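Everything numeric here is computed off the predicted structure, so don't read it as measured data. Heavy atoms only: backbone and side chains are in, while hydrogens, waters and symmetry mates are out. Here is how names work: the chains are called A, B, and so on, in the same order as the sequence lines, proteins then strands, and each is numbered from 1.
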Amino acid sequence: MTKVETRLPAPTVPRRFPLRQKYLPVTATAVLISLMYGLGVINYPGFSDTQIVLNIFIDNAFLLVVAVGMTFVILTGGIDLSVGAVVALTTMVVALLLENGWPAAVVLPVALLMGATIGLGMGLMIHYFEVQPFIATLAGMFLARGLCYAISTTSIGIDDPFWVRVANAQLWVGGWFITISVLVALVVVLIAAYVLAYTTFGRDVYAVGGNPQSAMLMGLRVGRTRIAVYTISGLCSGLGGVLLSFYMLSGYGLHASGMELDAIAAVVIGGTLLTGGSGYLLGTVLGVLVLGLIQTIITFQGDLSSWWTKIFIGLFLFVFIVLQRAVTRRRR
Amino acid sequence: MSNLVRHRLFWPVAMLLLLLVGNLAFTPGFFAIELRDGHLFGALIDILRQGAPLMLVALGMTLVIATGGIDLSVGAVVAISGALACQQISQLGDQGAVGGVLVAVALALLLCAGLGLWNGFLVGVVGIQPIIATLILMIAGRGVAQLITGGQIINVNSPPYKAIATGFLLAVPVPVIIAAALVAVVALVTRRSAFGMLLESVGGNAGASRLAGIRSRQLIIIAYVACAVCAGVAGLMVSSTVSSADGNNAGLLIELDAILAVVIGGTSLLGGRFSIAGTVVGALLIKTLDTTIYTIGIPPEVTLLFKAVVVVVLCLVQAPAFRARFARRRPTAEVSA
Amino acid sequence: MSEREPVLVMRGIGKRFPGVVALDGVDLRLFPGEVHALMGENGAGKSTLIKVLTGAYHHDQGDITLGGEPVAFAGPHQAQQAGISTVYQEINLCPNLSVAENVLIGRAPTRFGRIRWSAMRRRAEELLARLQLSIDVGSDLGAHSIAVQQLVAIARALDVDAKVLVLDEPTSSLDASEVDQLFRVMRGLKDDGIAILFVTHFLDQVYEIADRMTVLRNGRRVGEYRTAELSQLDLVAAMIGKELAALEDIEEAPRREVAALERGTPVVSADGVGRAGAIAPFSLGIHKGEVVGLAGLLGSGRTEIARLLFGADRSDQGQIAVDGTPVTFRGPQSAMRHGIAYCPENRRTDGLVEELTVRENIVLALQAARGWARPVPRGRQDELVGRFVKALDIRPADPELPVRNLSGGNQQKVLLARWLITEPRLMILDEPTRGIDVGAKAEIQRLVVELSDGGMAVLFISAELEEVLRLSHKVAVLRDRRLVTELENTDGLDLDRVMAAIASGGAT
Amino acid sequence: ACGGQERGGGSGTGSGAGKDDGQIVMGFSQVGAESGWRTANTKSIQESAEAAGIKLQFSDAQQKQENQIKAIRSFISQKVDIIAFSPVVESGWDTVLKEAKDAGIPVILTDRAVDSPDKTLYKTFIGSDFVVEGQKAGEWVKQEFASASGPVNMVELQGNTGAAPAIDRKEGFASVIGSDPKFKMLASQPGDFTRVKGKEVMEAFLRANPDIDLLYAHNDDMGLGAIEAIEAAGKKPGTDIKIVTVDAVKDGMQALADGKINFIVECSPLLGPQLMDLAKKVVAGETVPERVLTEETTFTQEQAKSALPDRKY
Ligand SMILES: Nc1ncnc2c1ncn2[C@@H]1O[C@H](COP(=O)(O)OP(=O)(O)OP(=O)(O)O)[C@@H](O)[C@H]1O
Ligand SMILES: Nc1ncnc2c1ncn2[C@@H]1O[C@H](COP(=O)(O)OP(=O)(O)OP(=O)(O)O)[C@@H](O)[C@H]1O
Ligand SMILES: [Mg+2]
Ligand SMILES: [Mg+2]
C-alpha cells in the first residue's frame with residue numbers, strides 16, 4: 001500500500017432535517033389532543049368549561065405522578081408493573097398509620113420512603129441478579145398487593161384533620177379551582193423534566209436506554225442508573241399513593257388496580273419507546289391527558305352501556321394512535 | 001450433574017417438583033392417579049387439565065414475545081371466543097348436534113384469527129408499539145365479548161361442547177390432548193420449518209432481518225394470529241368447563257400469567273430466542289402454584305405474598321449472577337432442591 | 001525508552017470463555033509517550049485483552065499494574081477514572097443521543113448540577129474539529145455513517161485527561177485523510193507523554209505510527225518488538241505462525257485487466273435514480289463479471305447508492321433496471337429475487353443477529369429468500385456452512401456458537417458467507433474488509449476476483465482506495481452525495497487521479 | 001365516535017338545561033359489568049329511568065373507585081339534577097360528595113353505603129345488606145343441620161379478596177355459625193365470583209377434603225361452577241354435599257329447582273323502580289327515609305319451582 005499524501009477538504013455535510021424530527025411525535029400528539037378536545041366542545045354543551053380541563057388534572061394527578069416515575073423506567077428500556085400495587089399499599093399504610101394516631105408529619109415521609117424502598121429492592125434485584133424487569137416488578141406487585149391484604153381486606157377511612165384539609169382544599173383561580181394534588185403533580189413533572197433534560201443522571205437514563213452495553217463501555221454507571229430509576233419509580237408510586245389517599249381519603253387494597261397499565265399506556269402514547277432511549281416527559285403528560293380526555297368524553301356521552309363504553313375507549317385509542325402514527329411516520 | 005444444573009430449565013423444573021412434593025406432604029394421595037370408569041383421575045391430571053388453557057395462551061404468547069412483541073389482548077380473546085361459541089350454540093335448535101357445535105367452534109376460532117390479524121396488522125404493518133396496539137383490543141375486546149353475551153352469562157346445554165373441557169379420549173382428558181397436540185404442532189412448525197429461526201431473527205434484530213430479506217411483516221402477523229387462535233382455543237375450553245360464557249370474567253388477567261409462564265420458561269421479553277418447552281414448564285408451574293394454594297389452604301389474605309416469595313425465589317435461583325455468588329461461598333453448589 | 005518505568009503492565013493475563021481460551025498468560029507493557037501496536041489475526045485475543053484491561057471483562061488469571069499500583073477495575077467507569085481512555089472495536093455509542101452528548105456524556109460541563117448545553121456543544125465541536133470533522137453536533141448520532149460514528153468515538157476518548165489511550169481498530173472504516181488526521185492527533189498526545197495502545201489490521205499504519213508492538217496469536221503472546229527491528233514479513237509470520245514460504249499465500253490480488261471484460265446489457269443499471277436528502281440522481285450500470293468500485297470521502301453517499309440498489313431505501317426518482325427490464329424494488333426481498341445481495345457496512349446493527357448461531361446467521365438470507373415454509377435441509381445447511389467456514393477461515397470453526405461470541409473480524413466473515421451462499425448475480429459489498437486481518441483480507445480480495453471471473457457483478461465499496469483501484473474494472477467517484485464521474489480502470493488510472501477526481505468533483 | 005354524535009346532539013338540550021324543560025337528569029355511576037347480577041341491576045335502572053321519564057347519564061366505572069369519583073365530578077360539572085351511584089367501597093367519598101353538596105346536587109346511594117360520618121352528604125341509601133344475607137344463609141344452615149350429630153364439615157367459596165360483598169357475606173355467615181363448635185370450616189378460598197374459578201377451587205377442596213357436608217358460596221355463579229366439580233368427582237350436589245348460595249339469579253334458581261342447590265338467599269338487583277321513586281321525591285324536596293331496603297327474600301327448593309317461571313334475570 002502506498003501512502004496517500006493528498007490532503008482533501010473536510011467533508012461538508014448538509015443539515016438533514018430543518019425541523020427536528022424527534023420533536024414531531026410530541027407535537028403531533030399535542031395537535032391531536034386539541035382536535036379531540038375540540039370534538040368534545042362541539043358535541044357536548046358544558047364541555048368548553050375550563051373546569052373540565054382542570055378536572056382532568058384533578059382526577060389524574062396521581063396517575064400523572066406515577067407515569068412520571070414510569071417514564072424514567074421505560075426510558076432505560078425497563079418496565080415497572082408494581083406501581084399500581086405500591087400506590088395501593090401506600091394508601092393502606094397511610095390510612096393505617098393515621099388510624100393509629102401517627103402524626104401526618106411522620107406518615108408522609110414514611111409513605112414516600114416505603115415506596116422508594118420497594119423500588120430500590122426491585123432495582124437491586126434487576127441489576128445485581130439480572131432478573132428480567134418484568135418478573136422482578138411483577139413479584140413486587142404481588143408483594144405490595146399481598147401486604148395490602150395482610151394489613152386489611154377492607155378499606156380504611158382517613159379522618160386525620162391534616163389529610164382531610166389537604167384533600168378538601170380547593171385553590172380558586174378566577175372561577176375555577178384545582179387541588180393541592182394537581183400542584184404537587186405539576187411540580188413533580190417540572191422537576192422530572194428538568195432532571196431528564198439538564199442533569200447528568202437524566203442523560204445517563206437516555207444512554208442506558210439507547211444501548212446498555214455501550215453505555216457501560218462508555219464508562220457510565222449503568223447499574224447505578226438502573227437502580228436509581230426503579231427507586232424513582234417507587235418513590236413516585238409512593239407519592240402517587242399519597243395523592244390518591246388525598247383523593248379518596250381511604251386506604252384499600254383494591255385501589256389503583258390496573259394503574260400500571262394506565263401509566264405504561266400514558267407513557268407510550270406520549271411517544272416514548274418501550275425499548276428505551278427515546279421520549280420526553282412532556283409526552284407522558286400528554287399521554288395522561290389523552291386517557292383523561294377519552295374518559296371525560298365517554299362520561300359526557302352518558303348513554304353508553306358498559307360494553308359500549310369499553311368498545312368506545314378502545315376505538316378512541318385506536319383512532320388516536322393510528323393518526324399519531326400516520327403523522328409521525330418516516331418513509332423508508 | 002453440573003451440566004444438568006446448568007440447563008436452562010433446571011430450576012423451573014426443580015421448583016415445579018418441589019411444589020408437587022410439598023403438596024404430597026399435605027395431601028398424601030397427591031401423586032395417585034387412578035383409572036375410574038376408564039378415565040384417568042388424580043391431582044396431577046387435574047393440574048394438567050386445568051393448566052391446559054393457560055398453557056395454550058402462553059404458547060401463543062411465546063411466539064409473539066419471540067418477535068419482540070407482547071399481546072395484552074389474549075384475555076379478551078379468550079372471552080370473545082367462548083362468548084361467540086356459546087351464543088351460536090345457544091341458538092341451535094338441537095344443542096347436542098355435533099355439526100352445529102363444530103360450526104360454532106369454527107366460527108369462534110375464525111373470529112379469533114381475525115382479531116389476531118388485526119393485532120398483527122397494527123404491529124407489523126402500521127408499526128404501532130405492540131403493547132399499545134394490543135391494549136386497544138384488550139379494552140375493546142372485553143366490550144365486544146359482553147356485547148355478544150349481552151352482559152349476561154350465556155348457558156349452553158350441549159354435550160359435544162362440554163366435551164371440549166370435560167371429556168376424555170382414551171382415558172386422557174380432552175383438554176390435555178388438545179393442549180399437547182397444539183404444543184406439538186407449534187413446536188414442529190417452528191423447529192422443522194424455518195419459522196422459528198426467522199422469528200428469532202426478527203425478534204433479535206429487526207433491522208438486520210429486513211436487510212437479510214426476511215418478510216418480518218408476514219411473520220409478525222402469523223405470530224399474532226397464532227397467538228389469538230391459541231387464546232381462542234383456550235377460551236373454548238374455559239367456557240366449556242362450565243358450559244357457559246362469561247364475557248367479563250373469562251380469561252381475566254390471564255395475559256399476566258401467560259407472560260409470566262413464558263418468562264419463567266427462559267424466553268426473554270426483549271425477543272429473540274424462545275423455548276416452547278420452557279413455556280410449558282412455566283405454565284405448569286403457575287398452575288401447580290395455584291393448586292398448592294388451595295390445597296395447603298393458604299389464607300386468601302396472604303396468597304399474593306406467597307406467590308411473590310415463590311416468584312422471587314425462582315428468579316433468584318435462576319439468575320446466574322445469584323448462583324455465582326452462592327457458588328463462590330460454597331464451591332459444591334449441588335443442593336438437592 | 002526502556003530506561004523509563006512502564007505506565008501500564010499486564011502480566012500473565014488469562015481469560016477463558018465457555019469453550020474458548022481467549023487469553024493465555026499474556027504480558028503487555030506500555031511506556032509513557034509511545035504508540036504501542038497490538039497485532040494479531042482475527043480472534044487472536046486483542047479486543048479481549050483490552051476489555052480485560054478496562055474491566056469490561058473479569059480475567060481469570062494475571063495482574064495489572066497502572067503507574068506502579070496494582071489495579072483491578074470493576075468496570076470501564078473505574079478504568080476511565082484511573083486515566084485509561086478507550087475506543088472499543090465495535091462502535092459503542094448511543095445512537096439515540098446527539099453527537100455532542102456522545103462525545104461528552106459522563107463528563108458534560110455542568111454548573112450547579114445543570115448541564116450547560118451550549119458549552120457542551122462548543123466543546124464537542126472543538127474536539128471533532130481536531131479530527132477535522134464539522135458536523136451538526138446537535139443531530140442524532142444514529143443518523144450518521146459509520147465512519148462519522150467512529151470519529152465521534154475517537155473524539156470522545158481524546159477528551160479525557162488520560163494516561164493511557166486505547167484504540168481498538170479506530171481506523172477500520174476511515175479513509176486516508178481521516179487516518180492522517182488521527183495520526184497527527186496521536187503524535188501530539190504521544191509528545192505529551194501519553195501511552196497509546198493501538199490495534200489495526202493495516203500494516204502500513206503500524207509502521208507509520210507505532211514505536212513498538214506486541215503480537216498475539218491464539219490468545220498467547222508471541223513477542224514484543226520494536227517496530228524498527230521487525231520487517232513487515234516477519235511481523236506477518238509472527239502473527240500467522242507460518243514459515244516465510246507460506247506467506248506467498250497472502251499476496252494481495254493483482255490489478256484487474258479491463259480489456260478482458262465484455263460488456264453487454266448491464267445486470268443492474270440505475271437511470272437517474274435518487275433520493276431527496278440522501279443522494280442526487282445518478283446513473284450507473286454494472287455488467288456481468290464486472291467489478292465497479294465506489295470511491296469517495298466519508299459521507300459522500302456510497303452507502304446510499306448501495307442501499308437504493310438493494311431496495312433498502314426507496315428511491316423517489318429514476319428507474320432501476322435488471323437485465324434491461326425496469327423493476328421497482330419494494331424492499332430488500334424484491335431485490336433479492338432479482339439476484340442482488342448486499343453486505344452492509346455496519347455489521348452490528350444492520351448485519352448480524354447476535355443471538356443466533358453462526359450457522360443460522362449464515363443461512364439467514366438464503367432461508368429468507370425461500371420463505372419460512374421451505375426450510376433449507378439441515379444436511380445442506382451443514383454442508384454449505386462448513387464449506388464457507390473453511391473457505392473464509394472463520395474461527396472458532398464451530399457453527400453452533402452464538403455469533404456474538406466471535407471476534408469482530410470473524411463476524412464480518414460470517415456476514416460475507418451469508419451472502420455468498422445465496423449465489424447472487426450482483427453482490428454489493430460495503431466495506432467487506434473492515435476489521436479483517438491481512439491474510440483474510442487478501443483472501444476476500446481474491447474471492448472478489450474469482451467471483452467476478454465467474455460472472456458475478458460486484459459493486460465494491462471500501463474506504464481503502466488502493467483496494468478499490470486494484471479490484472475494480474471501473475471506479476465511480478462520489479462527492480457530496482453526487483456521483484461525479486466514472487473512471488475506467490485502464491493503465492492510466494492511479495490513486496492520484498482518483499484523488500484528484502474526488503477533490504475536484506470530477507472536473508479533470 | 002360514529003353513532004355517538006347524533007345521540008350526543010340529542011342530549012344537548014337535555015343535560016345541563018334539565019330543569020328548564022322539567023325533565024329530571026340523573027347521573028348514575030355504575031361499578032361495572034362484572035357479573036350478570038350487575039348487568040341486571042344496570043338494566044333495571046335504565047329501564048325504570050325511561051319509564052319514569054328521567055333522563056339518565058350513565059357511566060361505567062369498570063370496577064374502579066377512581067373512575068366513579070371522576071364520573072361524579074363530571075356529573076357535577078354537567079349540572080345534573082341528582083346523582084346516584086353504587087359505591088365500590090365504603091370509604092373515600094367525602095371529598096367528592098362535598099363537592100356535590102356544594103353544587104346543590106342531592107346524592108342517592110344504591111347497593112352499598114359509605115362510611116362517612118357526615119350523613120348530610122347523601123339523601124338516602126337503597127340496597128340490600130350483605131351481612132344480613134350472610135346471616136340468613138347461616139341461619140338456614142343451622143336449621144338444616146340442627147339434628148346432625150357429628151361435626152358438619154363446611155367449605156366456603158368467597159368472592160374477590162377485598163370486595164365488600166365477600167367480606168360481609170363471610171362475616172354474616174360466620175357470626176351465626178361461628179359460635180357453634182359442631183360446624184367446622186375446612187377451607188375457605190376466593191372463587192372470584194366466577195363459575196370457572198368456583199369449579200377450579202372446588203376441585204381442589206374435594207381432593208384435599210374427602211368428606212364435605214356443606215358448601216357456602218358467596219354467589220350463585222361460584223356455586224354453579226362447584227356443582228360441576230362435585231358431579232365430576234362422582235358426588236351428588238344437593239344431596240351428598242348441601243349447597244347454599246346468595247343472589248338468586250335465574251341459573252341459580254334453576255339449579256335450586258333441580259335440587260342441586262339447597263337454599264338461596266336473594267340479593268335483588270332490581271332496585272330501579274324504587275330508586276326512581278326516591279329520586280323524584282328528593283328532587284321535589286320531599287323528605288325520604290335514610291335507609292331503604294330492597295325487597296328481597298330467600299328461596300328453598302320448593303319456592304324456587306314456583307318462582308322460576310317469572311324470574312326475569
Ligand atoms: N463474549 C465472548 N464469549 C465467548 N467467546 C468470546 C467472546 N468474546 C470473544 N470470544 C472469543 O475469544 C477469542 C478472541 O476474540 P477477540 O475479540 O479478542 O479477538 P480479536 O483479536 O479482537 O479479533 P479481531 O481482529 O477479529 O477483532 C475469539 O476466539 C472469540 O471467538
Ligand atoms: N454528516 C452526516 N450527517 C447526517 N447523516 C449522515 C452524515 N454522514 C452520513 N450520514 C448518513 O449516514 C449514512 C451513510 O452515509 P453515506 O452513504 O453518505 O456514507 P458513505 O459514502 O458510505 O461513507 P462512509 O460509510 O465512509 O461514511 C446515510 O444514512 C447518511 O445519510
Ligand atoms: Mg477485535
Ligand atoms: Mg458507507
Once rounded to the nearest 0.5 Å, what's the spacing between atom CG of D60(D) and atom CG of L304(A)?
9.5 Å
Between F58(D) and S306(A), does a side chain to side chain contact (heavy atoms under 4.5 Å, CB included) hold up when you go through it step by step?
CA-CA 9 Å; F58(D) 177 83; S306(A) 298; 3.9 Å; yes
By a 4.5 Å heavy-atom criterion (distance strictly below it), what part of L56(D) contacts chain A: side chain, backbone, both, or neither?
backbone
In this structure, CG of D94(D) is separated from CG of D159(A) (nearest 0.5 Å) by 9.0 Å
Short side-chain to backbone donor-acceptor contact, Y252(A) and G162(D), under 3.5 Å
yes
At a heavy-atom distance under 4.5 Å, which candidate from N67(D), T39(D), V96(D) has the highest pair count against chain A?
N67(D)
Interchain contact, E66(D) with chain A, by part (heavy-atom threshold 4.5 Å)
both
Provide the closest heavy-atom pair for S74(D) versus T299(A) in the form atom of the first, atom of the second, distance.
OG-CG2, 3.3 Å
Okay, F75(D) and chain A: the region with an atom under 4.5 Å from a heavy atom over there is side chain
K70(D) and side chain to side chain donor-acceptor pair (under 3.5 Å): which partner among D59(A), T296(A), N60(A)?
N60(A)
Go through the steps for D102(D) and Q170(A) under the test side chain to side chain contact (heavy atoms under 4.5 Å, CB included), then give the verdict.
CA-CA 12 Å; D102(D) 293 346; Q170(A) 296 180 342; 5.5 Å; no
Scored by heavy-atom pairs under 4.5 Å with chain A, the best of R73(D), E99(D), Q65(D) is R73(D)
Counting heavy-atom pairs under 4.5 Å with chain D, the top scorer among G292(A), G251(A), S155(A) is S155(A)
Gap between atom OG of S257(A) and atom CD of Q62(D) - 0.5 Å precision:
10.5 Å
